[in-house]
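In this text the structure is predicted, and so the values were computed from the model without any measurement.
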Amino acid sequence: MAKDSGNRQSQMRQLIAQLAARMMAEEGIADYAYAKRKAGRQLGVTDSQCMPTNSEIEEEIRLYHDIYNSDEQPESLLQLRKDALLVMQLLERFNPHLTGAVLDGTAGKYAETHIHLFADSLKEVEIFLLNQQIPYITDEKSYRISERRSMDRKKVPLFTLEGPHGLIKLSIFEVDDMRMATKSPVNGNNASRANIEALTKLIVQSEQTPEP
């Protein structure tokens, strides 16, 4: 009986992971916790032991793109990266770095693009956007960070722009925060990020050798 129960839990975890992955790939949902809760509700599951990890969902996202979006996803991803590069070049004075799904390659059509900026003051970024007549919505975003062997959280201002192919979210950090690593919501490791030079190289590589 215990083995049967374990098998059912494992099967349900996979079903929830697959449904959450489809939502994130097709609907542009960026929040893993929200996607898995929504998937669980649709499948009528409340048992926390049946909930997949973020890493399991990310793996299903990659599989989903491989199976259903193998033709269009690389093109959509390349377009999102090019959009990000244009924004980063415009905001070059704030040392922009791309992170998240658009960088790691799991982003689907209309996915959110996440860019970190490092500025002396929030007002400096606000004035720049206003002078460029770029509309934005203000909010906050909480990041997990590592300091002195302990896990902590840091809230930073968030500016959301309406990009041509999806929302572009600018997290505004202090200049000294460049030495601080934020944590990936997928596996808890230090999140990858790419500056203008690194993103440019990635785009060139993608154009020369399209991703499968």
Side-chain angles (χ1 to χ4, degrees), residues 23-35 54 58 61 65 69 72-144 154-175 177-178 180-186 191-207 211:
M23 292 174 180
M24 296 183 76
E26 296 294 344
E27 300 175 22
I29 294 174
D31 189 323
Y32 281 87
Y34 173 76
N54 293 352
E58 184 189 52
I61 292 173
H65 285 316
N69 297 330
E72 68 176 31
Q73 194 266 344
E75 183 178 343
S76 298
L77 177 63
L78 180 59
Q79 185 60 65
L80 289 170
R81 286 172 173 172
K82 287 182 175 180
D83 293 345
L85 181 61
L86 289 175
V87 172
M88 290 166 67
Q89 289 170 335
L90 179 66
L91 298 166
E92 185 173 7
R93 68 181 66 183
F94 303 116
N95 194 14
H97 283 68
L98 177 67
T99 190
V102 176
L103 176 60
D104 68 34
T106 59
K109 198 173 184 180
Y110 307 123
E112 292 180 355
T113 298
H114 290 267
I115 297 173
H116 293 178
L117 303 181
F118 300 88
D120 291 325
S121 71
L122 175 64
K123 187 62 66 177
E124 187 180 3
V125 181
E126 287 183 303
I127 291 173
F128 181 84
L129 293 176
L130 290 171
N131 287 341
Q132 296 292 322
Q133 297 184 331
I134 299 174
Y136 60 89
I137 298 173
T138 60
D139 202 347
E140 283 187 331
K141 183 173 175 60
S142 178
Y143 285 92
R144 292 169 60 214
K154 180 181 179 70
K155 281 188 177 181
V156 301
L158 180 73
F159 292 168
T160 300
L161 315 181
E162 188 73 45
H165 301 95
L167 298 179
I168 298 174
K169 301 205 168 187
L170 309 175
S171 294
I172 318 301
F173 292 85
E174 299 172 6
V175 172
D177 289 340
M178 186 65 211
M180 176 191 71
T182 59
K183 296 300 177 180
S184 167
V186 177
S192 299
R193 54 190 186 192
N195 60 14
I196 290 175
E197 180 181 4
L199 179 56
T200 300
K201 289 180 180 178
L202 185 60
I203 289 172
V204 170
Q205 290 170 358
S206 298
E207 291 178 324
E211 297 184 24

- Can you tell me how far CD of Glu26 sits from CD1 of Ile61, rounded to the nearest 0.5 angstrom? 11.0 Å

- Exceeds 12 heavy-atom contacts within 6.0 angstrom, atom CD1 of Ile137: no

- Note on the structure: Smallest heavy-atom separation, Ala107 atom then Leu80 atom, equals CB-CD1, 4.1 Å

- Rounded to the nearest 0.5 Å, the CG atom of Leu199 sits from the CD1 atom of Ile196 at a distance of 8.5 Å

- Message: Between Lys154 and Glu140, does any NZ, NE, NH1 or NH2 come within less than 4.0 Å of an OD or OE carboxylate oxygen?
- Response: no

- Taking all atoms of both residues into account, what is the closest heavy-atom pair of Leu90 and Gln132, and its distance? CD1-OE1, 4.0 Å

- Query: Shortest non-hydrogen contact from Ala35 to Ile29?
  - Reply: CB-CG2, 4.1 Å

- Item | Point-to-point distance, once rounded to the nearest 0.5 Å, from OG1 of Thr160 to CG of Leu167 | 6.5 Å

- Counting distance only, does the side-chain N/O of Asp31 pair as donor-acceptor with the main-chain N or O of Tyr34 below 3.5 Å? yes

- If you take all heavy atoms of Asp104 and Arg81, which pair is closest and at what distance? C-NH2, 4.3 Å

- Note on the structure: Between the CG atom in Leu117 and the CZ atom in Arg93, the distance rounded to the nearest 0.5 Å is 11.5 Å

- Hey, are the side chains of Val125 and Tyr136 touching, using non-hydrogen atoms and a 4.5 Å cut-off? no

- Please report the closest heavy-atom contact between Ala25 and His65, naming both atoms and the distance. CB-CE1, 3.6 Å

- Task: Give a yes or no on whether the backbone of Ser76 and the side-chain of His165 come within a donor-acceptor separation of less than 3.5 Å.
- Result: no

- Working to the nearest 0.5 Å, report the span between CE of Met88 and CG of Leu170. 10.5 Å

- Query: Do Glu58 and Thr106 have side-chain heavy atoms sitting under 4.5 Å apart?
  - Reply: yes

- side chain to side chain contact (heavy atoms under 4.5 Å, CB included) assessment of Leu158 paired with Thr138: CA-CA 6 Å; Leu158 180 73; Thr138 60; over 6 Å; no

- Message: Ignoring hydrogens and geometry beyond distance, is a side-chain donor-acceptor pair present between Asp83 and Gln79 at under 3.5 Å?
- Response: yes

- Query: Run the side chain to side chain contact (heavy atoms under 4.5 Å, CB included) check on Leu129 and Leu91 step by step: do they pass?
  - Reply: CA-CA 9 Å; Leu129 293 176; Leu91 298 166; 4.2 Å; yes

- Query: Does atom CD of Glu75 have more than 12 heavy-atom neighbours from other groups under 6.0 Å away?
  - Reply: no

- Message: For a quick test of reading the model, state the closest non-hydrogen atom pair linking Leu103 to Leu98 and the distance between them.
- Response: CD2-O, 3.4 Å

- Item | Flag, side chain of His114 to backbone of Glu112, donor-acceptor distance under 3.5 Å | no

- Message: Is it the case that the side chain of Asn195 and the backbone of Ala198 share a donor-acceptor pair, with hydrogens and angles ignored and the cut-off at 3.5 Å?
- Response: yes

- Query: Mind checking whether Glu27 and Tyr110 have side chains closer than 4.5 Å, heavy atoms only?
  - Reply: no

- To the nearest 0.5 angstrom, please state how far the CD1 atom of Ile168 sits from the CZ atom of Phe159. 14.5 Å

- Any chance you could lay out the side chain to side chain contact (heavy atoms under 4.5 Å, CB included) test for Ile115 and His97, step after step, and finish with the verdict? CA-CA 5 Å; Ile115 297 173; His97 283 68; 6.0 Å; no

- Between the side chain of Asn54 and the main-chain N/O of Pro185, is any donor-acceptor distance below 3.5 Å? yes

- Query: Mind checking whether His116 and Tyr143 have parallel, tilted or perpendicular rings, split at 30° and 60°?
  - Reply: perpendicular

- Is there a donor-acceptor pair under 3.5 Å between the side chain of Asp177 and the backbone N or O of Glu174? yes

- Task: Side-chain contact test, heavy atoms from C-beta onward, threshold under 4.5 Å: evaluate it for Ile172 versus Phe94 and give yes or no.
- Result: no

- Item | Main-chain N/O of Ser192 paired with Thr99 side-chain donor or acceptor, under 3.5 Å | yes

